[in-house]
Visitor: 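Here's a structure for you.
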Amino acid sequence: MMKNKDIVKYFYEVIVSENLLNELSKYISEDCVQRAGEKEIFIGIDGMKQHLVALKKTYPDYTMKIIRQYVAGDYVISEFIMRGTHKGKFIGITPTNKVLEITGVDIDKVIDGKIVEHGGAANTFETFFEHHLIKPV
């Protein structure tokens, strides 16, 4: 049986990076929630699929690489680097065709081999600022 951290690593580096949306139900619980601070929002498999489809529209070739992981009980904390070409509009920002690297941290709770809770943060704005896609007002 795979360890929780290996399941999460495989999910991001293979399932997400290769856009294997038909495999989501093997890794995401139907009851999956997204955590944003103290809020929990039901996303399920369909919500995760919609999120990944939107990401692919912005960065069609994006891949994720897990560089470090920490495990605490059922929680897996993964530091990642997402790399992709900015080819789709994102929050009103015109595509630049630049290859962007966005770093971040995902926090996933894994029960019985599936992600039941997902949260985290990505340094999207820092990357956009660094590449002069956004500027101070």
Side-chain angles (χ1 to χ4, degrees):
M1 194 163 120
M2 282 177 86
K3 289 181 179 176
N4 286 353
K5 69 180 205 154
D6 298 326
I7 290 167
V8 169
K9 184 176 172 75
Y10 186 83
F11 174 70
Y12 289 116
E13 291 188 345
V14 178
I15 303 303
V16 171
S17 292
E18 296 179 14
N19 204 33
L20 304 175
L21 299 179
N22 57 333
E23 303 277 312
L24 285 182
S25 62
K26 294 179 186 173
Y27 298 90
I28 302 297
S29 166
E30 288 187 21
D31 303 320
C32 187
V33 294
Q34 181 166 353
R35 202 147 198 27
E38 294 181 332
K39 286 189 228 148
E40 274 189 4
I41 303 145
F42 171 79
I43 57 168
I45 296 165
D46 284 342
M48 183 66 80
K49 185 182 280 187
Q50 288 168 17
H51 171 63
L52 296 176
V53 165
L55 265 173
K56 278 289 181 190
K57 281 183 182 163
T58 306
Y59 311 100
D61 61 348
Y62 89 94
T63 57
M64 288 184 71
K65 180 180 179 194
I66 304 298
I67 56 174
R68 283 190 285 197
Q69 286 183 304
Y70 306 93
V71 177
D74 295 326
Y75 287 91
V76 179
I77 302 161
S78 305
E79 188 178 352
F80 67 83
I81 299 171
M82 187 203 96
R83 184 181 169 92
T85 310
H86 180 216
K87 288 187 174 283
K89 205 172 195 180
F90 176 74
I91 59 166
I93 297 170
T94 309
T96 60
N97 291 313
K98 286 184 177 185
V99 176
L100 301 178
E101 265 192 12
I102 296 171
T103 59
V105 174
D106 278 326
I107 303 169
D108 295 293
K109 183 176 184 180
V110 181
I111 303 281
D112 296 330
K114 291 189 179 186
I115 296 170
V116 297
E117 183 182 297
H118 168 74
N123 296 320
T124 306
F125 291 102
E126 290 84 344
T127 301
F128 278 28
F129 187 76
E130 181 188 323
H131 286 273
H132 310 291
L133 306 183
I134 56 175
K135 56 184 175 244
V137 286

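No experiment lies behind these values; they were computed from the predicted model shown. When a residue number appears, it is its place in the shown sequence, counting from 1.
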Visitor: Mind checking whether Ile66 and Phe11 have side chains closer than 4.5 Å, heavy atoms only?
Guide: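 Not touching, per the 4.5 Å side-chain cut-off.
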
Visitor: Please check if any side-chain donor atom of Asp108 sits under 3.5 Å from a side-chain acceptor atom of Tyr27, or the reverse.
Guide: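 The answer is no; no qualifying pair exists.
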
Visitor: Quick one: are Ile107 and Arg35 in side-chain contact, heavy atoms under 4.5 Å?
Guide: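 Side chain of Ile107 against side chain of Arg35, heavy atoms only: no contact under 4.5 Å found.
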
Visitor: Counting C-beta onward and ignoring hydrogens, is there a side-chain heavy-atom pair between Lys87 and Asn97 closer than 4.5 Å?
Guide: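 Yes, side chains in contact.
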
Visitor: I'd like to know whether NZ of Lys56 has more than 12 heavy-atom contacts from other residues, nucleotides or ligands below 6.0 angstrom.
Guide: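 Buried by this count: over 12 neighbours within 6.0 Å.
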
Visitor: For the residue pair Ile77 and Val105, what are the closest heavy atoms and their distance?
Guide: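 So the minimum-distance heavy-atom pair works out to CG2-CG1, 3.7 Å.
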
Visitor: Do Tyr62 and Asn19 touch side chain to side chain, with heavy atoms closer than 4.5 Å?
Guide: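 No - every pair of side-chain heavy atoms lies 4.5 Å or more apart.
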
Visitor: Counting only heavy atoms from other residues, nucleotides and ligands, does the tally under 6.0 Å from NZ of Lys89 exceed 12?
Guide: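 At most 12 heavy atoms, drawn from other residues, nucleotides or ligands, come within 6.0 Å of this atom.
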
Visitor: State, to 0.1 Å, how close Met64 and Met82 come at their nearest heavy-atom pair, and which atoms those are.
Guide: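 Heavy atoms only, the tightest pair is CG-CG, 4.1 Å.
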
Visitor: For Glu40, is the CD atom crowded, meaning more than 12 foreign heavy atoms sit under 6.0 Å from it?
Guide: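 Counting neighbours around CD of Glu40, more than 12 heavy atoms of other residues, nucleotides or ligands fall under 6.0 Å, so yes.
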
Visitor: Check whether any side-chain N or O of Lys49 sits under 3.5 Å from a backbone N or O of Gly44 as a donor-acceptor pair, and report yes or no.
Guide: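 No; zero donor-acceptor contacts below 3.5 Å.
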
Visitor: Check whether any side-chain N or O of Thr127 sits under 3.5 Å from a backbone N or O of Glu101 as a donor-acceptor pair, and report yes or no.
Guide: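 Answer holds: yes.
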
Visitor: Side chains of Val110 and Asp74, heavy atoms from C-beta outward: is any pair under 4.5 Å?
Guide: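 In short, these two side chains do not touch, never coming nearer than 4.5 Å.
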
Visitor: State, to 0.1 Å, how close Pro95 and Gly88 come at their nearest heavy-atom pair, and which atoms those are.
Guide: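 So the minimum-distance heavy-atom pair works out to CG-C, 3.5 Å.
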
Visitor: Regarding Ser78 and Asp106, is there a side-chain donor-to-acceptor distance under 3.5 Å anywhere?
Guide: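 Judged by distance alone, the side chains do not pair up.
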
Visitor: Answer yes or no: does atom CZ of Arg83 have more than 12 heavy-atom neighbours from other residues, nucleotides or ligands under 6.0 Å?
Guide: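 Incorrect, the count does not exceed 12.
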
Visitor: Check Glu30 against Phe42 and note the closest heavy-atom contact, atom names and distance.
Guide: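 Closest pair (atom of Glu30, atom of Phe42, distance): O-CE1, 3.2 Å.
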
Visitor: Under 3.5 Å, is there a donor-acceptor pair between the Glu79 and Tyr70 side chains?
Guide: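 Looking only at side-chain atoms, Tyr70 and Glu79 do not form any donor-acceptor pair under 3.5 Å.
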
Visitor: Might you point out which heavy atoms bring Ile41 and Ala36 nearest each other, and give the distance in Å?
Guide: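 In terms of heavy atoms, the two residues are closest at CD1-CB, 4.5 Å.
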
Visitor: Test Ile28 against every option in Ile15, Ile115, Ile43, Asp46 by the side chain to side chain contact (heavy atoms under 4.5 Å, CB included) rule and name the one that passes.
Guide: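 Answer to the side chain to side chain contact (heavy atoms under 4.5 Å, CB included) test with Ile28 among Ile15, Ile115, Ile43, Asp46: Ile115.
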
Visitor: Quick one: does Leu20's side chain get under 4.5 Å of Asn22's, heavy atoms only?
Guide: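 The answer is yes; the side chains approach within 4.5 Å.
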
Visitor: Got Asn4 and Tyr75 here, is their nearest side-chain heavy-atom distance under 4.5 Å?
Guide: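 No, side chains not in contact.
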
Visitor: Does some side-chain heavy atom of Phe90 sit less than 4.5 Å from a side-chain heavy atom of Leu133?
Guide: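 Result no, sub-4.5 Å side-chain heavy-atom pair not found.
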
